[in-house]
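Note sheet for the following structure.
Both backbone and side-chain heavy atoms feed into the values below; hydrogens, waters and symmetry mates do not. Residue numbering restarts at 1 for every chain, and letters A, B, ... go by the order of the sequence lines.
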Amino acid sequence: MASSRFCEVQQAPPIEVFAVSKAFTDSTNEKKVNLSVGAYRTDEGKPWVLPVVRKVEQELAADNTLNHEYLPILGLEAFSTAAAKMLLGATHPAITGGRVTAVQTLSGTGGLRVAAEFLGRVLKYNTAYHSAPTWGNHNLIFKQAGFTNIAPYRYWDGGKRGLNFDGMIEDLSNAPENSVIILHACAHNPTGVDPTQEQWKKIADVIEKRKLFPLFDSAYQGFASGDLDNDAWAVRYFAERGFEMMGTQSFSKNFGLYNERIGNLMVVVKDTACIVPMKSQLTLLVRGSYSNPPCHGARIVSRVLNDPALFEEWKGCIRTMSGRIIEMRKGLRERLEKLGTPGTWDHITAQIGMFSFTGLTAAQAKHIADKYHIFLLSSGRINMCGITTGNIDHVAEAINDAVCNITN
Amino acid sequence: MALTPVRTINNLIKNTTPSLYHVAARANSWWSGVEMGPPDAILGVTEAFKRDTNPKKMNLGVGAYRDDSGKPFVLPSVRKAEELILSQKLDKEYLPISGNAEFCKKAIGLALGDDHPALTDGLNVTVQGISGTGALRIGSTFLSKFFPGPKTVWLPAPTWGNHVPIFKHVNMDVQQYRYYDPNTCGFNFTGALEDIRKIPENSLIMLHACAHNPTGVDPKDEHWDELSKVIKERKLLPFFDMAYQGFASGDVAKDAYAVRKFLADGHKICLSQSFSKNMGLYGERAGAFSIICNDKDEAARVLSQVKILIRPLYSNPPLHGSRIVATILNTPELHSIWLNDVKGMADRIIAMRSKLKANLEKEGSVRNWTHITEQIGMFCFTGMTPQQVEKLTKEHSVYLTKDGRISVAGIASTNVDYLAHAMHQVTK
C-alpha cells in the first residue's frame, strides 16, 4: 500500500476561462483588459450591483420577520412561479393550462445538472447533443450525470462567421429518438449567433419529426436584446407548439447576482397528472445533492419579479446593460472597419449578447495577450462587457495588429 | 431511491388502477413512466403537525433550533455580521469554484484550531460546499472517482437518512457498523469495535464528529481514542461529518475532540462541516469539505480534481452565507458574541433535557430515562416503540418520527411538562 491513498491523483487540466482570468489579474500592465470571463462590467470596467438589487437587499435586511430557515427542497415557490412566467409569459397557454412546473436551482449550472440527472437517471436517456461550439460546462454536466453518448451538432460557421444552419438541421435529422438537444434560448455562448425566427421554426420541425427532447438553456433573457419577450421568443414558440420540454434559467447575468447562485428549472408537460410524481423524483435528486437551495438570491429575485414597480425598475437596469453592450459592438466594428482590418466585421454587430466569436485564432489571441495584455479565450471569444469607451481604441488596435501580422 | 422500469410500472398501474393507466397511455408523454418517489418521512410529520388543530400540539420532528417561545432564532452575531456586510457594499461577482477563500480558511481553522500544523503546512484541501449535504456530496463524488480502496462507505447504524443517497447517487455501496444499542439507548462500544475490526482494510468509514444524528449518542473521549487505534490498524480512511460543532456541548474545542484526536494520531481524514445549526444559517447553505493530504503537492493535485467535479454540479457556490460565517470568525468581537450565542443554544437544549427527565421522574415513571441527559445535541432517541410513538401523536398531538427520535430543540419551558406527561402516559 502506497504511503498515501491519493498519490495516484493526477493534476487536472486547468479550466481555461478561470486560467485566463487569473492571467489578467496577475498582469501589472496599466492598459490590461479582461475580455474572458462572462460577467457584466460598467463603462468604468467595474462590476455592477444593480440599484434595484441593493434596494431590495436593504429592505430584506430591515425586515425582522425574515429568518434563515431552510427553504423547501425544491426552493422558494413564489420565485419559481414568477420565473417561469417571466420565461413563458404569464398568459402562455401552457401556464394557464397548469402544464408548467418549476423548481429553484443553483443558478443555470445547477438547473442543467438537475435536468441532466432527471433525464438520465429517471427517464434513462443516455444521448445528448450540444452545439459546436457550446459553453464548456455543458459536456461535463451531462457526462457527470451519466450520459454515455454526448455529441455535437454543427452550429458555428467559421467561414461566414454565422450559423451553419444546414449543418445543424442535418445533424439533428440524424439524431436518434429521445436524444436530449441542448439549445441556447438566446445570446448563444460563446458565439453570440442566434437562429432567426424562421430558422427556429425549422429546428422545431426536425425535433418534432425525430422525437428529440428540447432542453433550453436560458442564461441571458433580457440581457440580449434588452427586451424580455423578444429574448424568450424561441422558448415560447416551442411551448406553444405543444412540445414537452425543459428550460433552465440563470439570474446571474440579468440580475447581476452571479455569486448568489439563483436559477430555475422549468418543465412543460402534456399531462398535468405527471407533475406530482415528477416533482417527487426531482426532490430525491436534489436531496442527495445539496438538500435545499440557498435563500438569499431567491428572495431578491422573487421580490423584484412579484412587485410591479420593482419589476419596471429592473427592466430599466437590463436595458442599461444590454444597451451598453450594443454600443460597444457598434464602436468596435466601426473602428475595425476604419482601420481597414482585413476580413469582414459585421458579425460583431450581427451577434448578440455578452459574447462575440471574433474569428480570431488561438495564435492571434495569444499574441494579443502577450503584447497588449488583453485577455480573451483561445477560441477567439471575447466578452463585450470588458470593452469600455476607455479601452475600445486599444482593443481595436490590438485586434487589427493580430489579424494583420499573425497568420496560422 | 428505487426506480422501476417503465414496463413494470405500466403493468402495475394497469392491474391495480385502470383509470391511471388510461391516463398514462393516452398522454403519450415523455413522463408517463415516472414513478412516484417515496414520501419524505420527516416532511410528512411536519405536514401532519400543521393540519392538527390541537392548541397543545408539539412538533418534535424537524431538526432546526427553536428558542424558548418555539420560534426560529436568528443569532445576534449573525444579524450584526449582516449589518456589517451590507454597509461594505461589496460586489456580487462569481466566487471561485472552491468558494470564499476566507470562509474556507476560517472554517477548517474552527475545526482543527487555526494554528494546526496541517493548516500552516498547507496540507489541507478545503472547499466551500452547499452546506453539509453539499460538502458530503463533493466528498462522495471525489471518493467514488479517486478512492483507491473498495467503493463502499461504512456508516454507523443508524445514521442520517440522507447519507445513503449521497453515496448511492455516485454509485457507491453502503454498509453498516453497529453503533446504537437499543438496550441502553447508548453507544454500542463493543459492537462497534467488533464490526470495525471486520471492515476490509483500506475501506472508507463515516463517523459523526459529535451530536450523532439521529440518536444523540456520542462515544466518550476514551471510546474515540480506542476507535482511532482500531481504525488505524485496519488502515481505514475516516470521513467525519461535523454538523454540530459548538452546538453539542456549547464548547467548540470539546465538540471537535474526535476530529483533532484522529489527526493527532496520524489519520489523514476527510471532513464535512455545516454552519446550518451552529450559526442558524440553515437556508443560506454554508458548509465546507476538506481532505488532509500528505504534502502540498498532493493537496494541489487533489484540489484541481475536486474543482473539476464541482464545476458540473453548480459551477461555484453561493456567497451570502459564507460571507456571514467568514465575517463572524474573522472579527474578534463578533466571534465572541457567536461563541456566546452557540453556547446559549446548547445550554437551552441541555436544560430541556434535564427538565424532561426530571418531569418524567416526577410523573412517576419507573423507566430508565438517563439516556435523555446522557445523549447530546439536537436529537434524542427516546427508546419509544413505533406503537408508542403513534399513540403519542394520535392521543397527545406530539409529532415525531417513528423511530422514537425527538428534536429537543422543539421543546420549550412552556410545554416540557406536557411532553413529560404525554410520554409517561404512552410508556407506563
Next item on the list: Drop me the distance from B/Q305's CD to A/Q11's CD, to the nearest 0.5 angstrom.
Entry: 7.5 Å
Check: Could you give the distance from CD1 (B/I130) to CG (A/N292), rounded to the nearest 0.5 Å?
Finding: 10.0 Å
Quick check for you: among [options], which has the greatest number of heavy-atom pairs under 4.5 Å with chain A?
options: B/Y65, B/F167, B/F142, B/F73; answer: B/F142
options: B/N100, B/D91, B/V78, B/D297; answer: B/D91
options: B/N162, B/V164, B/V74, B/I291; answer: B/N162
options: B/N171, B/L281, B/L95; answer: B/L281
options: B/I138, B/L237, B/D295, B/L303; answer: B/L237
options: B/G280, B/S322, B/C293; answer: B/G280

Which heavy atom of [X] sits nearest to which heavy atom of [Y], and what is that distance?
X: A/E57; Y: B/K92; answer: OE2-NZ, 2.9 Å
X: B/I97; Y: A/F18; answer: CD1-CE1, 3.7 Å
X: B/Y94; Y: A/G38; answer: CE1-O, 4.0 Å
X: B/P318; Y: A/R261; answer: N-CG, 3.3 Å
X: B/A64; Y: A/E69; answer: CB-OE1, 3.7 Å
X: B/G37; Y: A/L284; answer: CA-CD1, 4.2 Å

Report which part of [X] has an atom under 4.5 Å of a heavy atom belonging to chain A: side chain, backbone, both, or neither.
X: B/T141; answer: side chain
X: B/V302; answer: both
X: B/E82; answer: side chain
X: B/K71; answer: neither
X: B/V170; answer: neither
X: B/P317; answer: backbone
X: B/L86; answer: side chain

When heavy-atom pairs shorter than 4.5 Å are enumerated against chain B, which of [options] gives the highest number?
options: A/L112, A/T105, A/V53, A/N67; result: A/N67
options: A/S21, A/G136, A/P47, A/G110; result: A/P47
options: A/I262, A/N178, A/L71; result: A/N178
options: A/V276, A/V49, A/N137, A/N64; result: A/N137

Under 4.5 Å heavy-atom distance to chain B, tell me which part of [X] shows up: side chain, backbone, both or neither.
X: A/E117; value: side chain
X: A/L140; value: both
X: A/N139; value: neither
X: A/L257; value: both
X: A/P293; value: backbone
X: A/F118; value: side chain
X: A/I275; value: neither

Residue pair [X] / [Y], side-chain heavy-atom distance below 4.5 Å:
X: B/R285; Y: A/S291; value: yes
X: A/C295; Y: B/E284; value: yes
X: A/N259; Y: B/N316; value: no

Margin query: Does the plane of the ring in B/H320 sit parallel, tilted or perpendicular to the ring in A/H296? Use 30° and 60° as the thresholds.
Written below: parallel
Next item on the list: Answer yes or no: does atom NZ of B/K80 have more than 12 heavy-atom neighbours from other residues, nucleotides or ligands under 6.0 Å?
Entry: no
Note to self: How about CD on A/Q10, more than 12 heavy atoms from neighbouring residues, nucleotides or ligands closer than 6.0 Å, or not?
What the structure shows: no
Item checked: For chain A, which residues of residues 306-315 of chain B have heavy atoms nearer than 4.5 angstrom -> B/I308, B/L309, B/R311, B/P312, B/L313, B/Y314, B/S315
Notebook entry, point to check: If only atom types and distance count, is the side chain of B/R137 paired as donor or acceptor with the main-chain N or O of A/G288 below 3.5 Å?
Noted result: yes
Next item on the list: Answer yes or no: is there an ion pair linking B/E93 with A/K46, defined by an N-O contact shorter than 4.0 Å?
Entry: no
Check: Would B/I166 and A/R287 satisfy side chain to side chain contact (heavy atoms under 4.5 Å, CB included), going step by step from the backbone distance to the final call?
Finding: CA-CA 8 Å; B/I166 287 171; A/R287 178 72 168 149; over 6 Å; no
